[in-house]
There are 2 protein chains.
Amino acid sequence: MTAPRRAVLRALARAQRPLSVEELHERAKAQHARLGLVTVYRTLQVLEELGLVRRIHEQGACRSFAASSPGHSHAITCERCDKSSEFNGDDVCLLTGAIERKTGYRVSGHWLQLVGVCPSCRKSGAER
Amino acid sequence: MTAPRRAVLRALARAQRPLSVEELHERAKAQHARLGLVTVYRTLQVLEELGLVRRIHEQGACRSFAASSPGHSHAITCERCDKSSEFNGDDVCLLTGAIERKTGYRVSGHWLQLVGVCPSCRKSGAER
DNA sequence: GTCGTAATTGAAACTAGTTTTCAACTACGT
DNA sequence: ACGTAGTTGAAAACTAGTTTCAATTACGAC
Ligand SMILES: [Mn+2]
Ligand SMILES: [Mn+2]
Ligand SMILES: [Zn+2]
Ligand SMILES: [Zn+2]
């Protein structure tokens, strides 16, 4: 555990929304000025393996990252402010029976991501 | 509708598994030898907008594409042979109530992708 | 504390993936 | 056939991500 890694981890933990590698680099430099971009890439890779970070997949490219707790969970992202939260408690298992019947595959894993409107955006833009 | 586009479309339709842009280029050149890589990118973009192609998201980067029918559907990929199929009939709607209660978000969309073992791989490797 | 070693770091060079530019070429309606 | 708007491909430009390597740092053994 080194200072550069702590800086990246902290920037990630503070973020309310998924960050690109560049953004993460910018923010983490606040903690550790001489932080190199390469280290951000390397740290993300380590954290991803540990399950402490998740890549957020979006239509188009998938270049942003959010903190995550280890183990199986899913993310939901606000379509207005981009705030992203995770939740767990499974879920898709309930559907696998039907899917196996429909496709003939045996389901061994899944990958779910949701879009919605976060609590605070629901309050502000009360319309709709 | 031009010859280059037909070539790309055909290569996509024939593929049993998601293809990278390079792979698609290779295969489509069989139909139209002077096909440029740029055209593959451009065609994919058009087809994606039309909902005729979907990007397959994987752990790590998300650089492969599979044919798809327009409208809401999901993909399941075989963890042994990479064969990818799509299915529809919804599904996740059943879970949104619980997710909204859990997260406080209002759910407006989702994005599900499954991993499993395809029928023919189930037959061959009967063990497990 | 000091030392030794293995792991980590950051700059620079490199590779891969994607987009832009632009002149030539098609598709297709008239 | 003709005209035009849309499409194409090569090359150049650009962006994202990886490798290389010498210097630095963490940390366990003394
Ligand atoms: Mn789940
Ligand atoms: Mn669905
Ligand atoms: Zn919001
Ligand atoms: Zn299979």
Side-chain angles (χ1 to χ4, degrees), chain A residues 1-13 15 17-68 77 82 84 113, chain B residues 1-13 15 17-68 77 82 84 113:
Chain A
M1 186 41 73
T2 63
R5 285 181 177 177
R6 263 190 301 273
V8 172
L9 206 45
R10 190 162 180 198
L12 253 176
R17 61 174 182 83
L19 299 178
S20 71
V21 178
E22 285 293 354
E23 285 173 322
L24 200 45
H25 183 211
E26 279 317 313
R27 295 190 183 197
K29 275 201 287 192
Q31 303 297 316
H32 184 76
R34 23 187 268 91
L35 178 67
L37 181 57
V38 199
T39 297
V40 179
Y41 278 105
R42 289 193 279 228
T43 303
L44 281 174
Q45 193 171 307
V46 172
L47 295 176
E48 205 171 1
E49 277 157 19
L50 294 173
L52 295 173
V53 115
R54 90 171 57 243
R55 182 183 291 264
I56 300 294
H57 297 246
E58 311 171 47
Q59 146 110 12
C62 302
R63 290 180 183 125
S64 50
F65 295 84
S68 130
T77 302
D82 276 342
S84 184
Q113 189 163 333
Chain B
M1 188 38 76
T2 63
R5 285 181 179 177
R6 261 190 303 273
V8 172
L9 206 44
R10 191 162 180 197
L12 253 177
R17 62 175 181 81
L19 299 178
S20 71
V21 177
E22 284 294 352
E23 286 173 323
L24 200 44
H25 184 210
E26 279 318 310
R27 295 188 183 198
K29 275 201 285 192
Q31 303 297 315
H32 183 77
R34 22 186 269 91
L35 177 67
L37 180 57
V38 198
T39 297
V40 179
Y41 278 104
R42 288 192 281 228
T43 303
L44 281 173
Q45 194 171 307
V46 171
L47 294 176
E48 204 172 2
E49 276 156 19
L50 294 173
L52 295 173
V53 114
R54 89 170 59 241
R55 181 183 292 262
I56 301 292
H57 298 246
E58 311 171 47
Q59 147 112 9
C62 302
R63 290 184 183 121
S64 52
F65 295 84
S68 129
T77 303
D82 276 343
S84 183
Q113 190 165 322

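Lettering of chains follows the sequences in order, A, B, ..., and the numbering in each one begins at 1.
How far CZ of B:Arg54 is from CD of A:Gln59: 11.0 Å, rounded to the nearest 0.5 Å. Note: B:His25 NE2 to B:Thr39 OG1 = 8.0 Å, rounded to the nearest 0.5 Å. To the nearest 0.5 Å, the span separating CD on A:Gln113 from CD1 on A:Ile56 amounts to 5.0 Å. Going from atom CZ of A:Arg55 over to atom OG of A:Ser68 covers 13.5 Å, rounded to the nearest 0.5 Å. To the nearest 0.5 Å, the span separating CZ on B:Phe65 from CG on B:Leu52 amounts to 13.5 Å. Interatomic distance, CG of A:Leu47 versus CG of A:Leu9, reported as 5.5 Å (0.5 Å rounding).
Nearest approach of A:Pro18 to A:Ala66, heavy atoms of both residues: CA-CB, 4.4 Å. A:Arg17 and A:Asp82 get closest at one heavy-atom pair: CB-O, 3.3 Å.
Near DNA chain C, defined here as any heavy-atom distance below 4.0 Å, the residues from residues 41-54 of chain B are B:Tyr41, B:Arg42, listed numerically.
The interatomic distance linking B:His25 (NE2) with C:dT19 (C1') rounds to 16 Å, in whole Å. Rounded to an integer number of Å, the gap from A:Leu35 CG to D:dT25 C1' is 15 Å. Atom CG in B:Leu37 sits roughly 13 Å away from atom P in D:dA11 (whole-Å rounding). One atom, CE of B:Met1, and another, P of C:dC25, lie 23 Å apart when rounded to the nearest Å. Rounded to an integer number of Å, the gap from B:Arg55 CZ to C:dT18 C1' is 10 Å. As rounded to whole Å, 15 Å separates atom C1' of D:dG17 from atom CG of A:Leu24. In this structure, B:Lys29 atom NZ and D:dG9 atom P are separated by 11 Å, rounded to whole Å. D:dT7 atom P lies 17 Å from atom CZ of B:Arg34, rounded to whole Å.
Where A:Gly36 and B:Arg6 each meet DNA chain C at their nearest nucleotide, the meeting point lying more 5' is that of A:Gly36. Judged by closest nucleotide on DNA chain D, B:Val38 is the one of B:Val38 and B:Arg63 placed further toward the 5' end.
Closest to the side chain of B:Arg5, from the set D:dG17, D:dT7, C:dG10, is D:dT7.
Checking the phosphate oxygens (OP1, OP2) of C:dA7, no side-chain nitrogen or oxygen of A:Thr2 falls inside 4.0 Å. The side chain of B:His32 places an N or O atom within less than 4.0 Å of a non-bridging phosphate oxygen (OP1 or OP2) of D:dG9.
With a 4.5 Å cut-off on side-chain heavy atoms, A:Ser20 and A:Arg63 do not count as touching.
Overall bending of the helix from C:dG1-D:dC30 to C:dT30-D:dA1, expressed as the angle between end axes built from five pairs apiece, is 40° (10° steps).
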